[in-house]
Amino acid sequence: MRAQFILSETWTNLRRNLAMLLSLMLVTFISFLFIGASVLTQAQITKAKGDWYDKVEVVVWLCPDGTSQSANCASGKSPSAQEITDLQKTIRDELNDVVAKIDYVSKQDFYNNTFTKQYPNGEFQGRTLTADDMQDSLWLKLKDPTKYQVVAEVLSGKEGVEDVTDQRQIFDPVFAVLNRATAVTAVLAGVMVLVAILLTGTTIRMSAASRRTETEIMRYVGASNWTIRLPFILEGAIASLLGSVLSCLMLSMIVRVFITGWLAQSVTWIPYVNQLTVLMISPFLVLGAILLSVIASTISLRRYLRA
């Protein structure tokens, strides 16, 4: 009988405050859409970093024939085969805990397999370059990509080494932009969540105020505080539930249309978030929305339905 009464009161509240509840549902929808977008953006960054950082390598550019700005190349000659072998041995001896693999790439191999793919026919800034304009290099696969600085410190001063570069430098600006986008989205989400909390409290207070006479009668006949408060709490929780479910559905649609259906087809070399990612975060969004609503409603009702 008590459960039936609580559900009946909840339904009555929902019908009487339909406009306010729709407002609450809409604000919850927008708030948790922003939160979900922020989480998905960060998941995309983590996914891309994990894939790209496993593939990137440290490139040790060896001195070219001719002039160079590096003090290590004062001789004006590229390292001999023996000097390159000695350098590889130094890497194995001094960086064994950091470097997993060493690949030697000759200037001819670099020209054929890398340079001409990026610049067809060898044309670069109005000039036609050949393999003789390239440099020999060592490509190092690190066990831990974050240990680049250790490699740079050991090799930068070695004779025959012109420069040490980390391919992560290509991706870090992109990740920086995405991180800023995540931060902006998170701030907007925080503002909208605050609005949702305030609106929840206001909606529930208005509902309780409109039924003050009924709640007073219920108190006189011996109804407990939770029996009186629970219909109002459920009212807010249902609105938040619907709003958060809608936000999850919208996130799923966005990922399906714009990520899986378009971006993943256009740019195929990047790993993307997918429907499984949305499915994994959805329960947390729904539970978070309900929890915030319950907390906001409970605090709001303490003032208006005191024993």
Side-chain angles (χ1 to χ4, degrees), residues 1-40 185-219 221-254 277-307:
M1 289 295 292
R2 179 176 297 181
Q4 184 178 357
F5 169 76
I6 291 173
L7 292 176
S8 174
E9 290 294 299
T10 302
W11 176 247
T12 300
N13 291 346
L14 290 173
R15 285 187 302 165
R16 288 186 177 182
N17 300 291
L18 184 59
M20 287 297 292
L21 289 173
L22 288 175
S23 300
L24 176 57
M25 186 175 70
L26 181 61
V27 171
T28 302
F29 163 69
I30 297 174
S31 302
F32 282 83
L33 183 63
F34 274 118
I35 292 176
S38 178
V39 173
L40 284 178
T185 308
V187 170
L188 291 174
V191 172
M192 294 305 299
V193 166
L194 179 61
V195 172
I197 292 173
L198 295 175
L199 184 59
T200 300
T202 301
T203 302
I204 299 306
R205 282 200 302 268
M206 291 179 62
S207 180
S210 68
R211 305 191 65 191
R212 182 178 293 274
T213 302
E214 296 176 37
T215 55
E216 289 297 330
I217 294 174
M218 291 170 62
R219 194 184 306 282
V221 298
S224 67
N225 286 336
W226 277 108
T227 301
I228 298 173
R229 294 174 181 173
L230 197 53
F232 299 107
I233 294 174
L234 288 176
E235 177 185 349
I238 290 172
S240 296
L241 170 65
L242 294 175
S244 60
V245 169
L246 284 177
S247 70
C248 293
L249 292 175
M250 179 59 70
L251 287 172
S252 177
M253 183 181 299
I254 290 172
T277 312
V278 178
L279 189 61
M280 289 174 64
I281 69 172
S282 293
F284 296 99
L285 294 178
V286 173
L287 290 175
I290 294 174
L291 183 61
L292 284 177
S293 175
V294 169
I295 293 173
S297 300
T298 302
I299 294 174
S300 178
L301 290 171
R302 280 182 175 274
R303 179 180 175 183
Y304 285 87
L305 295 178
R306 288 175 179 168

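For this chain, numbers begin at 1 and follow the sequence in order.
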Undergrad: How long is the straight-line distance from CD1 of Ile281 back to CG of Leu40, given to the nearest 0.5 Å?
TA: 4.0 Å
Undergrad: In Å, rounded to the nearest 0.5 Å, how long is the span from OG of Ser247 to CD1 of Ile35?
TA: 8.5 Å
Undergrad: Nearest 0.5 Å please: distance from the CG atom of Leu251 over to the CG atom of Leu279.
TA: 12.0 Å
Undergrad: Calculate, to the nearest 0.5 Å, the distance between atoms CD1 and CE belonging to Ile197 and Met192 respectively.
TA: 12.0 Å
Undergrad: Rounded to the nearest 0.5 Å, how far does CD1 of Ile233 lie from CD1 of Ile238?
TA: 12.0 Å
Undergrad: To the nearest 0.5 angstrom, please state how far the CG atom of Leu33 sits from the OG atom of Ser244.
TA: 11.5 Å
Undergrad: Would you say Ser293's side chain and Ala289's backbone share a donor-acceptor pair under 3.5 angstrom?
TA: no
Undergrad: Taking all atoms of both residues into account, what is the closest heavy-atom pair of Cys248 and Val278, and its distance?
TA: O-CG1, 4.0 Å
Undergrad: Indicate the atoms forming the closest heavy-atom contact of Ser240 with Thr28, along with that distance.
TA: O-CG2, 3.6 Å
Undergrad: For Phe34 and Leu188, which heavy atoms make the closest approach, and how far apart are they?
TA: CE2-CD1, 3.9 Å
Undergrad: Of all heavy-atom pairs between Leu292 and Phe32, which one has the smallest distance, and what is that distance?
TA: CD1-CZ, 3.8 Å
Undergrad: Test Ser31 against Val195 for side chain to side chain contact (heavy atoms under 4.5 Å, CB included), laying out the working first.
TA: CA-CA 8 Å; Ser31 302; Val195 172; 5.7 Å; no
